[in-house]
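Quick notes on the structure that follows.
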Number of protein chains: 2
Amino acid sequence: MAAKKANHDAIRGSLDLMVLSVLAEGPQYGYRILQRLSEVSEGTVDLKPGTLYPMLHRLETDKLIKARWEKESTRPRKWYELTKLGRSRLAEQAREWEHYAKILRQLLEPILRQAPGCSARAT
Amino acid sequence: MAAKKANHDAIRGSLDLMVLSVLAEGPQYGYRILQRLSEVSEGTVDLKPGTLYPMLHRLETDKLIKARWEKESTRPRKWYELTKLGRSRLAEQAREWEHYAKILRQLLEPILRQAPGCSARAT
DNA sequence: CTGCTATATGTAGTCATGCTATATATATAG
DNA sequence: CTATATATATAGCATGACTACATATAGCAG
């Protein structure tokens, strides 16, 4: 129990959004998406292959992205890019994310304004 | 399939945070937490009893909150309040949430800056 | 040439979260 | 006396995200 988790709960439900956002920068293949997410988050987002690839397959099934194999490179890569549906869905979800982020920030504001006292003993 | 979901993916993984935040305002009982969340979100967060109560039980098991029955009111209510552990965990998770929110906002910024064109046909 | 590391994609199996649906019980309003 | 709001709770399910593992090749160090 209490097994260490790769990523924080806070990004649960936002992983699709993260991946789609990376693809909004342009077509990309899986391995690079992992690197890109690690890069923009300075290592704090540590998506594992076993999480990403099934995700990409799901997004493809949902027609939000489309894939194409590239065989000519040093080694085969599967490039993904947003479909039109994916692009509009991303925009929509981005706006919704902002909406909820605003609510949460409002709730968390008083907590964050306090001193970050780190004592943690059970009551 | 594609059954309507009560809440948006964006808040997945942040529900604990929301509930703990409400309890940071002071002790509260379940039914009121639901109302409070609906209130601060202007109805957009629509937590169901079947989601909240098991959650409260879990948070109690984890010693983040503690419960006490109130039998003297018009009808029995179970009041919850943060433990010290819960309070520090909340502060910690709030800071972590902010961290990831910042990363996401950074990723979403270029998307949100664009016009919200809503055409959604598959490519 | 051998073995290690980085690149690159993938599946299997598990667990926790959040959902719907349902159950129970009482106070209050019509 | 019936319907609605209050108040808590459980059962069962879907799925997201995880760990662990499998596969394969390029490139480099020795």
Side-chain angles (χ1 to χ4, degrees), chain A residues 1-20 27-39 44-62 64-65 67-80 93 100, chain B residues 1-20 27-39 44-62 64-65 67-80 93 100:
Chain A
M1 309 90 223
K4 229 185 66 182
K5 229 182 317 181
N7 285 305
H8 194 263
D9 278 335
I11 56 172
R12 284 205 152 194
S14 305
L15 287 180
D16 285 15
L17 207 49
M18 285 199 177
V19 169
L20 293 175
Q28 197 55 279
Y29 59 94
Y31 197 81
R32 287 293 250 165
I33 295 174
L34 295 176
Q35 293 181 324
R36 178 78 184 125
L37 284 179
S38 178
E39 181 193 318
T44 54
V45 173
D46 185 26
L47 211 54
K48 295 293 193 302
T51 301
L52 180 69
Y53 291 110
M55 227 179 103
L56 289 171
H57 299 155
R58 178 168 48 79
L59 291 172
E60 197 186 359
T61 301
D62 293 348
L64 301 187
I65 61 180
R68 150 180 61 90
W69 277 102
E70 179 200 32
K71 308 274 192 184
E72 294 74 34
S73 47
T74 58
R75 118 194 36 220
R77 286 168 184 163
K78 202 169 176 182
W79 287 78
Y80 289 95
Q93 291 188 2
Y100 290 107
Chain B
M1 302 91 228
K4 230 187 66 183
K5 229 181 318 179
N7 284 303
H8 195 263
D9 279 334
I11 56 172
R12 285 204 150 195
S14 304
L15 287 180
D16 284 15
L17 207 49
M18 285 199 177
V19 169
L20 293 175
Q28 198 54 279
Y29 58 95
Y31 195 82
R32 287 291 251 165
I33 295 175
L34 296 177
Q35 294 182 324
R36 178 78 184 125
L37 285 179
S38 178
E39 180 193 317
T44 55
V45 173
D46 184 27
L47 211 54
K48 296 294 192 302
T51 301
L52 179 69
Y53 292 109
M55 229 181 102
L56 289 170
H57 299 334
R58 179 169 48 79
L59 292 171
E60 197 185 359
T61 301
D62 294 347
L64 301 187
I65 61 181
R68 153 179 59 89
W69 277 100
E70 180 202 30
K71 309 274 193 184
E72 295 74 32
S73 47
T74 58
R75 117 194 40 220
R77 287 169 182 161
K78 202 169 174 181
W79 288 77
Y80 289 95
Q93 291 188 2
Y100 290 107

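Residue numbers begin at 1 in each chain, while the letters A, B, ... track the order of the sequences.
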What side-chain hydrogen bond (donor to acceptor under 3.5 Å, both in side chains) pairs are there with at least one residue in residues 7-18 of chain A, not counting sequence neighbours? Lys5(A)-Asp9(A), His8(A)-Glu96(B), Asp16(A)-Arg58(A)
Who pairs with [X] by side-chain hydrogen bond (donor to acceptor under 3.5 Å, both in side chains), at least two apart in sequence or on another chain?
{"X": "Arg36(A)", "answer": "Glu25(A), Glu39(A)"}
{"X": "Asp46(A)", "answer": "Lys48(A)"}
{"X": "His57(A)", "answer": "none"}

Rounded to the nearest Å, what distance is computed from the [atom1] atom of residue [X] to the [atom2] atom of nucleotide [N]?
{"X": "Leu34(A)", "N": "dT7(C)", "atom1": "CG", "atom2": "P", "value": "11 Å"}
{"X": "Arg77(A)", "N": "dT23(D)", "atom1": "CZ", "atom2": "P", "value": "23 Å"}
{"X": "Lys78(A)", "N": "dT23(D)", "atom1": "NZ", "atom2": "C1'", "value": "15 Å"}
{"X": "Leu17(A)", "N": "dG16(D)", "atom1": "CG", "atom2": "C1'", "value": "15 Å"}
{"X": "Leu59(A)", "N": "dA17(D)", "atom1": "CG", "atom2": "C1'", "value": "13 Å"}
{"X": "Met55(A)", "N": "dT11(C)", "atom1": "CE", "atom2": "P", "value": "15 Å"}
{"X": "Leu56(B)", "N": "dT17(C)", "atom1": "CG", "atom2": "C1'", "value": "14 Å"}

Which letters describe nucleotides 19-30 of chain C, given B = protein heavy atom under 4.0 Å from base, S = only from sugar-phosphate, - = neither? BBB----BS---
Any side-chain N or O of Arg58(B) below 4.0 angstrom from OP1/OP2 of dT17(C)?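 Arg58(B) to dT17(C) OP1/OP2: side-chain N or O found under 4.0 Å.
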Under 4.0 Å between a side-chain N/O of His57(B) and OP1 or OP2 of dT10(D), yes or no?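 The answer is yes; a side-chain N or O of His57(B) sits under 4.0 Å from OP1 or OP2.
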Tyr53(B) versus Tyr31(B): any side-chain heavy-atom pair under 4.5 Å?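 Contact flag for Tyr53(B)/Tyr31(B) side chains = yes.
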Test item: Leu20(B) and Ile65(B) side chains (from C-beta on) under 4.5 Å apart, heavy atoms: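 Yes, side chains in contact.
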Side chain of Tyr53(A) only, heavy atoms from C-beta on: which candidate in dT9(C), dT17(C), dT7(C) is closest?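 When the side chain of Tyr53(A) is considered, dT9(C) is the closest of dT9(C), dT17(C), dT7(C).
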Given DNA chain D, 5'-ward residue of the pair Gln35(B) and Trp69(B), judged by closest heavy atom: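 This one resolves to Gln35(B).
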State which residues pass side chain to side chain contact (heavy atoms under 4.5 Å, CB included) with Pro54(A); sequence neighbours excluded, sorted by chain then number.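 Partners of Pro54(A) under the side chain to side chain contact (heavy atoms under 4.5 Å, CB included) test: none.
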